[in-house]
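Please read the structure below before turning to the comments.
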Amino acid sequence: MADAMGPVTGNAEYAEYAEYAEYAADIEEYLRGHERKDLLRLITCGSVDDGKSTLIGRLLYEAHLVFEDQLAALEADSVRSGTRGGDLDLALLVDGLAAEREQGITIDVAYRFFTTDKRKFVVADTPGHEQYTRNMVTGASTADLAVILVDARKGVLTQTRRHSYLVSLLGIRSVVLAVNKLDLVGYAQPVFEEICREYREFAGDLGLTDVTCVPTSALHGDNILEPSPHTPWYTGPTLMGHLETVVPARGGASDGEGPFRMPAQYVNRPDVDFRGFAGTIVGGTVRPGDRIRVLPAGTGSTVARIVGWERDLDEARTGQAVTLTLADEIDVSRGDLLCGADDPVSVADRFAAHVVWMAEPPLVPGRPYLLKTGTRTVGATVRRIDHVVDVNTLEKRPGSQLELNEIGHCELLLDQPVPFDPYTDNRDTGGVILIDRLTRATVGAGMLRSALRHTDDLHPRALAVGRAERSARNGHRPCVVWLTGVSGAGKSTIADLLEQRLYGLGKHSYLLDGDNVRGGLCRDLGFGPADRAENVRRVAEVAALMVDAGLITIVSLISPFRAERAFARGLVPDGEFCEVHVDTPLAVAEERDPKGLYRRARAGEIPDFTGIGSPYEAPEHPDVRIDTTACTPEQAVETLMDHLRALGVL
């Protein structure tokens with residue numbers, strides 16, 4: 001290098017390089033210092049005009065995260081807007097979010113990042129209106145602390161109570177009550193103390209016992225970064241001082257001191273000699289030699305190694321992503337939960353849970369959804385809604401479904417058991433999301449409160465005679481032929497003729513007709529949305545049992561929703577379900593009206609009648625489509641017979 005660059009001493013290029021290297025080293029040390037800082041996630045909540053945007057802008061400004069060009073523009077805008085006292089209008093730093101909402105742009109949660117010498121912060125900025133409840137729930141689901149703003153002139157409002165309820169529901173236990181705009185009441189100590197007293201009184205009933213009250217003026221910076229000379233009577237911490245030092249009150253395994261929990265994300269097999277289980281620890285601590293259990297299977301082993309990013313670790317704690325190797329060759333798959341052997345989770349398939357609904361179509365009991373907990377996804381239905389919570393008054397009222405942004409206490413029924421902790425013990429193993437089966441959109445968030453039925457003592461029995469033996473005896477493969485269409489389409493006529501044809505050929509079949517099952521299996525159900533969904537679920541379960549018995553099962557049911565038909569298809573093996581759309585225009589079906597139902601629906605006597613008061617979701621890709629305006633029922637049966645032969649059923 002010396003030959004190429006010349007003598008080292010006095011070389012200008014080398015001096016410049018050395019200066020750059022020293023600068024780079026300083027940057028690297030600066031970044032390492034940031035890595036060593038812990039992270040506080042917080043959510044800000046406030047009613048309209050409580051000063052939330054100004055407060056967040058103040059935090060960004062005091063953290064020196066405002067660029068010079070932003071600051072110049074901010075000063076000019078503040079002059080134009082005539083900010084009180086000539087202060088900077090710091091709300092302008094974040095009010096672009098509100099402007100975007102006014103233009104119709106959907107924003108779920110805006111996250112603000114900043115850092116101080118002591119800590120890193122992520123602020124979830126969510127709208128406070130009732131119609132944005134789902135947005136607030138999203139932001140609060142990962143927060144450690146909530147900053148709730150109250151306008152000193154208005155005191156504790158209905159919105160304040162709603163925000164506090166949602167915060168407590170999502171498992172946040174530490175709250176900072178920022179009594180803002182105190183300058184507008186002359187920094188009066190009695191006003192501040194009365195608001196604090198009123199808030200603590202009802203917050204305690206919600207389980208919010210770790211409450212710190214701070215008198216602030218976000219506009220002027222009072223008690224934000226430095227103690228304010230306007231409040232000599234206040235001896236507590238500043239807002240930033242508290243945020244930099246607070247240890248959030250978190251329950252159970254989530255604080256790293258509870259029992260070990262790690263959902264298996266994937267099986268790591270880089271070569272034939274290594275087999276590990278990768279995931280992020282969501283509770284407790286693990287060390288080599290610790291005994292663990294794998295649930296829901298219940299098998300046990302011992303941790304052999306903890307493989308980190310660069311080296312093996314002596315221990316790993318909550319929040320770390322690691323790969324564990326075990327001393328024994330046991331079966332572990334994605335979705336399983338590794339937990340401490342001395343304090344394992346429970347396993348259940350029926351739960352009491354709070355559900356926050358996040359979709360435009362309402363949640364209807366009995367309608368099938370997917371449920372994701374950790375890395376595991378299973379089928380689920382809401383069996384019933386115990387009550388709906390009024391998020392403004394906190395009153396509980398009866399409800400048959402959940403609309404957008406509503407919160408209900410529900411009974412969840414899963415199609416297979418899952419390991420869990422109550423949400424109050426661990427937000428990661430007790431929190432779930434509900435997913436639309438067809439669109440895969442997240443439609444709800446749930447918090448598991450308790451198990452209504454444990455499955456530890458349930459042991460499905462392996463039977464000697466199964467589907468294959470029954471099919472061989474019958475001489476044909478089993479199958480579900482599911483006929484769907486609006487009322488009066490001709491489903492029952494075609495289904496009856498199809499079974500007659502199969503019977504004449506000596507095939508073993510059974511017909512489940514919508515009206516017939518209503519007289520027995522589903523006689524306890526009405527015709528509301530929840531009961532209709534339960535009707536389809538029951539018929540689908542019975543059809544699956546009949547397929548297991550080796551029968552060709554014909555179902556004639558309106559079954560108006562695609563998700564419910566997809567649920568029925570998922571109950572039987574691939575190739576044993578045939579969705580038949582008996583496609584008849586609504587006008588034609590209404591003209592036929594063999595039962596007089598359309599006439600009564602038009603007269604308002606039958607609410608939620610399919611095609612009139614309730615939608616019919618036609619199959620997008622049916623296995624067979626029958627246009628009853630272009631063929632006779634007999635011709636439709638021939639089409640179905642040809643399809644069954646092509647499937648190898650006959």
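Not measured: the values here are computed from a predicted model.
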Original post:
What do the steps show when you test Glu469 against Arg473 for salt bridge (charged side-chain N to carboxylate O under 4.0 Å, His left out), and what is the final call?
Top reply: CA-CA 6 Å; Glu469 289 76 17; Arg473 170 69 66 86; over 6 Å; no
Apply the test side chain to side chain contact (heavy atoms under 4.5 Å, CB included) to residues Val282 and Arg427: give CA-CA distance (whole Å), side-chain angles for both, the deciding distance (0.1 Å), then the verdict. CA-CA 9 Å; Val282 298; Arg427 292 198 290 182; over 6 Å; no
Between His476 and His508, is there a donor-acceptor pair closer than 3.5 Å when you use the side chain of the first and the backbone of the second? yes
Could you check whether any side-chain N or O of Arg384 sits under 3.5 Å from a backbone N or O of Pro365, counting only pairs where one atom can act as donor and the other as acceptor? no
- Side chain to side chain, Ile558 and Val486, heavy atoms closer than 4.5 Å: no
Problem - Asp415 side chain vs Gly379 backbone, donor-acceptor pair below 3.5 Å - result: yes
When Thr639, Val481, Val624 are each screened for side chain to side chain contact (heavy atoms under 4.5 Å, CB included) with Leu644, the one that passes is Val481
Item to complete: Please answer whether the main-chain N or O of Gly374 pairs with a side-chain N or O of Lys372 as donor and acceptor at a distance below 3.5 Å.
Response: yes
Derivation and outcome, side chain to side chain contact (heavy atoms under 4.5 Å, CB included), residues Val649 and Glu576
CA-CA 8 Å; Val649 174; Glu576 296 185 2; over 6 Å; no
inquiry  = So that I know where these two stand, are Phe609 and Tyr598 an aromatic pair - ring centroids less than 6.0 Å apart?
reply    = yes
Nearest heavy-atom contact between Ala495 and Ile554 is CB-CG2, 3.7 Å
What do you reckon, is NZ of Lys595 surrounded by more than 12 foreign heavy atoms closer than 6.0 Å?
-> no
Between the CZ atom in Arg600 and the CG atom in Asp593, the distance rounded to the nearest 0.5 Å is 10.0 Å
Less than 4.0 Å between a side-chain N and a carboxylate O, is that true for Glu634 and Arg501? no
If you define the side chain from C-beta out and look only at heavy atoms, does anything of Ser164 sit under 4.5 Å from Leu208?
yes
Check: Are more than 12 heavy atoms from other residues, nucleotides or ligands located less than 6.0 Å from atom CZ of Phe202?
Finding: yes
When Asp583, Val580, Thr484 are each screened for side chain to side chain contact (heavy atoms under 4.5 Å, CB included) with Pro619, the one that passes is Thr484
### Message
Is there a side chain to side chain contact (heavy atoms under 4.5 Å, CB included) between Ile385 and Leu363? Walk through the geometry before answering.
### Response
CA-CA 10 Å; Ile385 299 174; Leu363 180 154; 4.1 Å; yes
Notebook entry, point to check: Is the backbone of Leu525 close enough, under 3.5 Å, to the side chain of Asn535 for a donor and an acceptor to pair up by distance?
Noted result: no
From the list Val418, Val432, Leu413, Leu371, side chain to side chain contact (heavy atoms under 4.5 Å, CB included) partner of Phe351 resolves to Val418
To the nearest 0.5 Å, atom CD1 of Ile43 lies from atom NE2 of His163 at 8.5 Å
Q: Please confirm whether the backbone N or O of Leu650 pairs with a side-chain atom of Arg477, one donor and one acceptor, at under 3.5 Å?
A: no
Review point. Would a 4.5 Å heavy-atom cut-off, applied to side chains only, mark Pro263 and Leu337 as touching?
Key: yes
Note to self: Check whether Asn474 reaches the backbone of Gly550 with its side chain - one donor and one acceptor, N or O, closer than 3.5 Å.
What the structure shows: yes
Is Gln416 close to Pro296 at the side-chain level, that is, under 4.5 Å between some pair of heavy atoms?
no
- Neighbour count above 12 (heavy atom, 6.0 Å) for Asp524 CG: yes
Here the gap from Cys578 atom SG to His643 atom NE2, rounded to the nearest 0.5 Å, amounts to 3.5 Å
task: Compare all side-chain heavy atoms of Arg569 with those of Asp623 and state whether any distance is below 4.5 angstrom.
output: yes
Smallest heavy-atom separation, Ala140 atom then Ile172 atom, equals O-CD1, 3.7 Å
query: If we only count heavy atoms from C-beta on, is the Leu438 to Phe561 side-chain gap below 4.5 Å?
result: no
| request: Ignoring hydrogens and angles, tell me if any N or O in the side chain of Ser168 forms a donor-acceptor pair with the backbone of Tyr165 under 3.5 Å. | output: yes
In short, Pro560 meets Tyr616 closest at the heavy-atom pair CA-CD1, 3.6 Å
Problem set entry | Side chain to side chain, Val637 and Gln500, heavy atoms closer than 4.5 Å | no
Rounded to the nearest 0.5 Å, the OG atom of Ser492 sits from the CG atom of Asp515 at a distance of 6.5 Å
Between the CD atom in Glu360 and the CD atom in Glu403, the distance rounded to the nearest 0.5 Å is 9.5 Å
Heavy-atom nearest pair, Ala489 first then Thr584, reads O-OG1, 3.1 Å
- request: Would you check, one step at a time, whether the test side chain to side chain contact (heavy atoms under 4.5 Å, CB included) holds for Leu512 with Leu557?
  value: CA-CA 8 Å; Leu512 294 170; Leu557 207 62; over 6 Å; no
Checklist entry - Side chain of Arg470, backbone of Asp548: donor and acceptor closer than 3.5 Å? => result yes
When you measure from the centre of the six-membered ring of Phe527, is the NZ or CZ of Arg518 under 6.0 Å away and within 45° of the axis?
yes
For Arg449 and His354, the nearest pair of non-hydrogen atoms, with its separation, is NE-ND1, 3.1 Å
inquiry  = Keeping Asp627 on the side-chain end and Thr629 on the backbone end, is there a donor-acceptor pair under 3.5 Å?
reply    = yes
Fill in: Pairing of Lys52 and Asp125 as salt bridge, 4.0 angstrom limit
yes
Given the side-chain rings of Tyr369 and Trp357, with only the six-membered ring counted for Trp, is the space between their centroids under 6.0 Å?
yes
Exercise. Just say parallel, tilted or perpendicular for the rings of His409 and His387, cut-offs at 30° and 60°.
Key: parallel
Value for CG (Asn135) from CG (Asn405), rounded to nearest 0.5 Å, stands at 7.5 Å
Taking every heavy atom of Ile494 against every heavy atom of Ala636, the minimum-distance pair comes out as CD1-CB, 3.9 Å
Requested in this report: Would you mind checking if Arg537 and Glu564 are paired as a salt bridge, meaning a charged N to carboxylate O distance below 4.0 Å?
Outcome: no
query: Would you say the side chain of Glu541 lies within less than 4.5 Å of the side chain of Leu545, judging by non-hydrogen atoms?
result: no
